[in-house]
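See structure below.
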Protein chains: 2
Amino acid sequence: MVTEREEDYLKVVQELLDEKGYVRVKDVSKSLDVSPSSVTEMFQRMDDSGYINYEKYGGVTLTDSGKEIARSTKEKYGVIRDFLQILGVDEKMADEDACKIEHVLTPETLKTLTKFAEFINKNKKSPVWLDHFRYYYETGQYIGENSMTSDQCPVHGKKKQS
Amino acid sequence: MVTEREEDYLKVVQELLDEKGYVRVKDVSKSLDVSPSSVTEMFQRMDDSGYINYEKYGGVTLTDSGKEIARSTKEKYGVIRDFLQILGVDEKMADEDACKIEHVLTPETLKTLTKFAEFINKNKKSPVWLDHFRYYYETGQYIGENSMTSDQCPVHGKKKQS
DNA sequence: TTGTGAAATTAGTTGCATATAATAATTATA
DNA sequence: TATAATTATTATATGCAACTAATTTCACAA
């Protein structure tokens, strides 16, 4: 079974291949902020496991299974990042969290997040309740009749007419 | 810095203390599905790190810092599990995912999830849009004028009056 | 063609988390 | 209380993932 870290490596290798057409140990080392020797070692392991084709001092390519893992990992990442951003998490944090969570979500939960993002995005304008949530997030107060506890409307500060 | 696994151990130790008042190696071993020797070893490490007070063949208690980690880990877990269940993820999966995610979320994202759950729960009845989302999840179709693409209402299959 | 510098690899180590097998301590029971 | 059964601990080993230091390879310039 593929480890979380192998998923990380496969993801960046695929990204570098897409960007530049080839992959150096140095680049992966930079991307993942690990030493070059760690990259070499991981390459050897992943070659043994059949996720990449690696030859010393040479190039690296992904096997079919490596490609599939890279693809699905990146897809998960995208779903989670989008989802978090919809809820209002800022890009940097959404990114950071998505990189962690991508490895551990059950397919069921992933599907829910996917559907949720679709549900929001298929509408041109973002739904009212989402604005309401953002408002709640900022102020702790509700907008809308259902949930008003005072007769003071938080939107424009005027009395509601009852 | 505390590791993810240490957080797991601290959480179950606290839970067992709450449940039964004391903790056996055996119980932790059972809870986490690891061998007793692994538990002993981890207890030694966590004692060294100052998260628990441990003496051989004797009892285990949490230090203040251990308590704080257990508390905050459990709190995170609760927030995430609730959040996922609100979105419709079933209990078992929500649980499983929460146990993984609890270790890796940024405070920012955690706050967002917390607020979101509050936003939903402070209302007695679940908001309409959430039903709409659940409906979308099941059928792939939208309920509500904003997003209707046909004139067939997905709720009762009758024509909308225009 | 050969020497140099950058890049990559190997060798050796560490820390975390686990396991099995063997041993020791504790608790329960006859 | 002595013995049996349960529980816990040590000793030893494994796998993953990282590191530093030393070495090797490669590509390019002189």
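First the proteins, then the strands, lettered A, B, ... as listed; each starts at 1. Computed from a predicted model, the values in this text were never measured in an experiment.
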Are A:Lys122 and B:Tyr142 linked by a side-chain donor-acceptor pair shorter than 3.5 Å?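 The criterion, which ignores hydrogens and geometry beyond distance, is not satisfied for B:Tyr142 and A:Lys122.
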
Expressed in angstrom and rounded to an integer, what is the separation of [X] atom [atom1] from [N] atom [atom2]?
X	N	atom1	atom2	result
B:Glu55	D:dT10	CD	C1'	18 Å
A:Tyr54	D:dT25	OH	C1'	12 Å
B:Lys56	D:dA11	NZ	C1'	13 Å
A:Asp8	D:dA18	CG	C1'	14 Å

May I ask you to decide whether B:Glu68 forms a salt bridge with B:Arg71, counting only side-chain N to carboxylate O separations under 4.0 Å?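 A salt bridge is present here (some side-chain N lies under 4.0 Å from a carboxylate O).
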
Determine, for B:Lys11 against B:Glu102, whether the closest basic-nitrogen to carboxylate-oxygen distance falls under 4.0 angstrom.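 Looking at B:Glu102 together with B:Lys11, the answer is yes, because their closest N to O distance falls below 4.0 Å.
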
Cation-pi, B:Phe43 ring and B:Lys56 (6.0 angstrom, 45 degrees):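 Ring-cation test returns no.
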
Parallel under 30°, tilted from 30 to 60°, perpendicular over 60°: which one fits the rings of B:Phe116 and B:Phe119?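 The rings of B:Phe116 and B:Phe119 sit tilted, inter-plane angle from 30° to 60°.
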
Of the residues in residues 18-42 of chain A, which ones touch DNA chain C at a heavy-atom distance under 4.0 Å?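 Under 4.0 Å from DNA chain C: A:Arg24, A:Val25, A:Lys26, A:Pro36, A:Ser37, A:Thr40.
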
Among the candidates D:dT10, D:dA17, D:dA18, find the nucleotide nearest to the side-chain atoms of B:Gln44.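 Comparing D:dT10, D:dA17, D:dA18 against the side chain of B:Gln44, the answer is D:dT10.
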
Inter- and intrachain pairs under side-chain hydrogen bond (donor to acceptor under 3.5 Å, both in side chains), touching residues 38-52 of chain B, at least two apart: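 Matches after skipping sequence neighbours: B:Ser35-B:Ser38.
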
Range on DNA chain C touched by chain B - first to last nucleotide, heavy-atom distance under 4.0 Å: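 Both ends considered, the range comes out as C:dC16 to C:dT26.
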
What does A:Tyr9 touch in the nucleic acid at a heavy-atom separation under 4.0 angstrom: a base, only the sugar-phosphate, or nothing?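 Sugar-phosphate: the residue A:Tyr9, judged by heavy atoms under 4.0 Å, touches backbone atoms but no base.
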
Kindly indicate whether the side chain of B:Arg5, heavy atoms from C-beta on, has any atom under 4.5 Å from the side chain of B:Val34.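 A side-chain contact under 4.5 Å exists here.
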
Less than 4.5 Å apart, any side-chain heavy atom of B:Leu105 and any of A:Ile101?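 The answer is yes; the side chains approach within 4.5 Å.
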
